[in-house]
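Just below is one structure, and these are the notes that go with it.
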There are 4 protein chains.
Amino acid sequence: MHAIALIGAGRIGRIHAANIAAHSRLRLLHVVDRDVDAAASLAERHGARSADADAAINDPEVAGIIVASATDTHIAYTIAAAEAGKPVLCEKPLDQSLAAAVAAADRLDALGARVLLGFNRRFDPHFAALRARLAGGAVGALESLHIVSHDPAPPPPAYVAGSGGMFTDMVIHDFDMARWLLDEEPVGVFASASCLIDPAIGAAGDVDTARTVLRTASGRLCSISSSRRSGYGYDQRIEAFGARGMLRVGNVAETMVETWHEEGATRDRLQNFFLDRYAAAYRAELDHFAEVIAGAAPAITHRDGVAALALAAAATRSLHIGRMETP
Amino acid sequence: MHAIALIGAGRIGRIHAANIAAHSRLRLLHVVDRDVDAAASLAERHGARSADADAAINDPEVAGIIVASATDTHIAYTIAAAEAGKPVLCEKPLDQSLAAAVAAADRLDALGARVLLGFNRRFDPHFAALRARLAGGAVGALESLHIVSHDPAPPPPAYVAGSGGMFTDMVIHDFDMARWLLDEEPVGVFASASCLIDPAIGAAGDVDTARTVLRTASGRLCSISSSRRSGYGYDQRIEAFGARGMLRVGNVAETMVETWHEEGATRDRLQNFFLDRYAAAYRAELDHFAEVIAGAAPAITHRDGVAALALAAAATRSLHIGRMETP
Amino acid sequence: MHAIALIGAGRIGRIHAANIAAHSRLRLLHVVDRDVDAAASLAERHGARSADADAAINDPEVAGIIVASATDTHIAYTIAAAEAGKPVLCEKPLDQSLAAAVAAADRLDALGARVLLGFNRRFDPHFAALRARLAGGAVGALESLHIVSHDPAPPPPAYVAGSGGMFTDMVIHDFDMARWLLDEEPVGVFASASCLIDPAIGAAGDVDTARTVLRTASGRLCSISSSRRSGYGYDQRIEAFGARGMLRVGNVAETMVETWHEEGATRDRLQNFFLDRYAAAYRAELDHFAEVIAGAAPAITHRDGVAALALAAAATRSLHIGRMETP
Amino acid sequence: MHAIALIGAGRIGRIHAANIAAHSRLRLLHVVDRDVDAAASLAERHGARSADADAAINDPEVAGIIVASATDTHIAYTIAAAEAGKPVLCEKPLDQSLAAAVAAADRLDALGARVLLGFNRRFDPHFAALRARLAGGAVGALESLHIVSHDPAPPPPAYVAGSGGMFTDMVIHDFDMARWLLDEEPVGVFASASCLIDPAIGAAGDVDTARTVLRTASGRLCSISSSRRSGYGYDQRIEAFGARGMLRVGNVAETMVETWHEEGATRDRLQNFFLDRYAAAYRAELDHFAEVIAGAAPAITHRDGVAALALAAAATRSLHIGRMETP
């Protein structure tokens, strides 16, 4: 059983804690949080201890660190863990600043760090199956993608103000999915976006509705449809167009119940919350982290974090100047 | 252009008249109806003439007769047409009485009649494609069937009283589908039924909700789910279970529009009316009748009408004695 | 943490053991099996001990007993647990013999036993949601049901020979679902069945393909489609027809991936194995057992086991005499 | 019965001819084609006469003109018809040249011409139902659109060379759909495209795979996914995202047959050919033209043709300079 130190006792931290508790090869040893009551309460629930970050990271018993704290602390904790020679599972994004992320990545490379960056969607069984079939040639060579990623409801304006903007905060997941599925780096990014949902988001300098187009050197194309609010649950879909057909992943409903009535047939509502929709992905991600602790190379690294941030930065520039940008 | 005499200017007659008008090898010459105003009005709409039955049937110009009049006149008109040596398209059922139908079929055989019995569902493109794939071995040898046939809303009690009962009036279509798809005669029929929808139907001595099981000599099974009222449109589905899989035909919606909302995703309502759902079937049936006039053997004959009636009679007996009956 | 003694280290026993390990209020203390190596191995995997049945049942530390051993031992262990005053989760069926089950149920009642009978499908989230909506009036008063329950592939003939027959072994689940959803006892049972899949099943005196019709006092109807082999995975569907519409539960696919190709659009294959399809049901069933240990009344008791067995016996009689039987 | 002169006896001309023949208020009088044998043959099939264009247009018996000839003759015939005071149904595009189309539109306005431009998809019952529900407020105010329009297979390279390019030839339909559904003019157009399907298309100076983004003054967004070859039939879908949900139109399969097998459940193949997919749209378009002849204002005019051409021209410019263009 590998002992884990978890930094961050918030929403994501609690998910990781529960998954560690249910994992056959991991156990939760330390919980770290600026809010010491939150840390203590989460630690107690799983038979772990509250600790400060330094002690937790450097405890020789600890085999791996999970960084699920505020974004502006991701780099510092990840580097500290790397300096201690410990593998890290770091939540996305690495940082809101591309420059800071690049500098951190250089430092992590110099340290020989083993960082698993938490782009959880790559571990979703539906998307992973799509990619495996694509790789297996089910529809021939990939030509283009369309990704839909609409949140159920917008975040509070205060969150938006500190989020780094819609592309860095939200679309970054889709940039990672696009890179993963295109199997080739985008060389051009175009974005157009509006504030149509909540004027407070616009007042905070952000947008809530967007279309983005990515283009690779060989001419593969990817469009991304983004919205902070769907009105019908968490809309997470991908279509991959190949030379002989299309693979697609549809949405996941809460149950398979359908109601047939005068107006038609209604399938059950969509899973509404990302922690429900991606519950299996978080478990699989943790399972991969257990393999990383045991010596495997991380499937997603800080360099993937930098690449996604570069796309987000290019998309944000494109928004203001109206042309395709090089990331 | 083959000239057609149409007997019956009611709901089904009007469908046939419009389809004849649009057909490239048929033209409507005579319309016959006890209600002479109805006959005249329908004839006028399509440039035809109102006539009495004898004159129409025996007009040498007439190449084919369509019998779409009241059920109790089907046999007389069909025999008259056969005596005149004309091919007949006769609406189902041949008669409400199995004994009368058997006698009529004997007479029609003696006359060498060419009768296309109007079990229109065999011409439905969806069900016809299912049968073609079954015959093509898409799922291996057929083992069992399940047929769902629920009407949108119950008929008026007055109609029920004269209908011959739910099995002779409504389930008879499904008996024909079962015979057609099983490709083997049922040797046993069991039915259980209730009056759950409209007490007036029960007061008229009939039922409105039923389950029927058919069994062939080789042990193939077919269940039929029947209801006079669905509450969600015209429910017409078939599942065919074979040695290597299942073929099924689902319902047909009015359009492909889906509405995604908080409660789920609602597909468009079902086609509600049998004349909409089976519009293509009526056209294909008429097209086959044009081939029969030109010399082809009818795909469905009065003998199929007798066989379906025998199943309906056996199901009705089964209802009362609670055991599987031989048709 | 309630300590559990698990009797039976086979396929189902291992599922219960893993679910106990992951449960927040239960812990596995003893594992009992005639095959002591199997017991020891399963116990070791979860930090429990191998024990003999008497010792395990009567260990004062043990708060609940799970009986997942061979069917012919269910009654003895359940009564022993009841005599020790312990709540029992007993796998279905209570016994293959209806007479033995009735006698056992009388004895259990006399002992004031608290028995949760393991009809796991009632805990499936899809079927549970269907029932909740039915109860909530989503489609008005229930009129009829159709249950499809086709296994992916037939069991070995040796299993069939000792199974008690298709109705007692397999359709018994559907009899329980029918009773649960009809909310009224069936008063008539009709079954017709064949051996179409594997002649060895017929040689063992059993059938592999069936249609069953149930009828309640108020005239509600339920048809059940049963097959030992689908050719397309584990087919588990229910349609509930009410006065204002239909509720239905469709099959569960392995993922939401669709492949669009020249022949059409293929959804992912069905979950093939009952332990995958009902994984969530087994967890919810165990969670309910934790509540039973804490004092709740079991949602399903030995009396439900007797009622389902009585329907299976009546269906088997109906098969041979061709008429509707009273259970 | 209004008499129609049909100019063009090619693929589309034959569709219009057959629809006129089946229409209750229209009859085909003249067929015009440079290929006089083609004109004569089509005329004969429907009891019409072959004629030259001038005579046909100016025949006082003729009440309406349909222009379905080669694109470079659309303007001349449409103006000739307008000069003769006759309503015209003109196939899309008005012309390949935006400048020529603008000049023609000015002349048509000066003549008070009544031109129905043949953007047939507006008459498709599925898309029309989507728009009606959008207008009815089913999902609140429209925020964004996504249109998928992939052809089954690429045209011959020779066709491509003379087509005016993918945006003017193919995406122009989607530009019209976008304008119709957005209910607001696009003020910005961005396109990125590649030649991934057939190098001969690239050699002819064109592209075969594209993503386009449109933006209106109020910030509404529309993405368009275009491909000259799907590998799975004619892919024609629209998603409309509003403040309270999404409306979408899915593809139309040839039948409702599904095949369930080991690999999953396969729905029937898509309608492959645009004349099948849009058969109902061509009928409804002609029906509207009959209303225009009777005095109604055309629902789509030459000005809509100009506006769609302007979007195609802007998209083509955007392709080369990599920035959003004003149409």
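Letters A, B, ... are given to chains in the order of the sequence lines, protein chains preceding strands, and every chain is numbered from 1.
Under a 4.0 Å N-O distance rule, the pair A:Asp174/A:Arg121 qualifies as a salt bridge. Salt-bridge annotation for C:Arg267 and C:Glu258: absent, with no side-chain N of the basic residue lying under 4.0 Å from a carboxylate O of the acidic one.
Across C:Leu130, C:Thr255, C:Val139, C:Thr266, the residue that shares the most heavy-atom pairs under 4.5 angstrom with chain A is C:Thr255. Note on C:Val257, C:Val249, C:Val252: by heavy-atom pairs under 4.5 Å with chain A, the leading option is C:Val257.
A:Ile293 has its side chain within reach of A:Ile4: a pair of non-hydrogen atoms, C-beta onward, lies under 4.5 Å apart.
Residues C:Ser225 and C:His150 bring a donor and an acceptor atom of their side chains to less than 3.5 Å of each other.
Residues satisfying the side chain to side chain contact (heavy atoms under 4.5 Å, CB included) criterion with C:Ala135, sequence neighbours excluded, are absent altogether.
In this structure, chain C has a heavy atom under 4.5 Å from the backbone of A:Asn251, while its side chain stays farther away. Of the atoms belonging to A:Ala129, heavy atoms from both backbone and side chain fall under 4.5 Å from chain C. Contacts between A:Arg133 and chain C at a heavy-atom distance below 4.5 Å involve the side chain alone, from C-beta outward.
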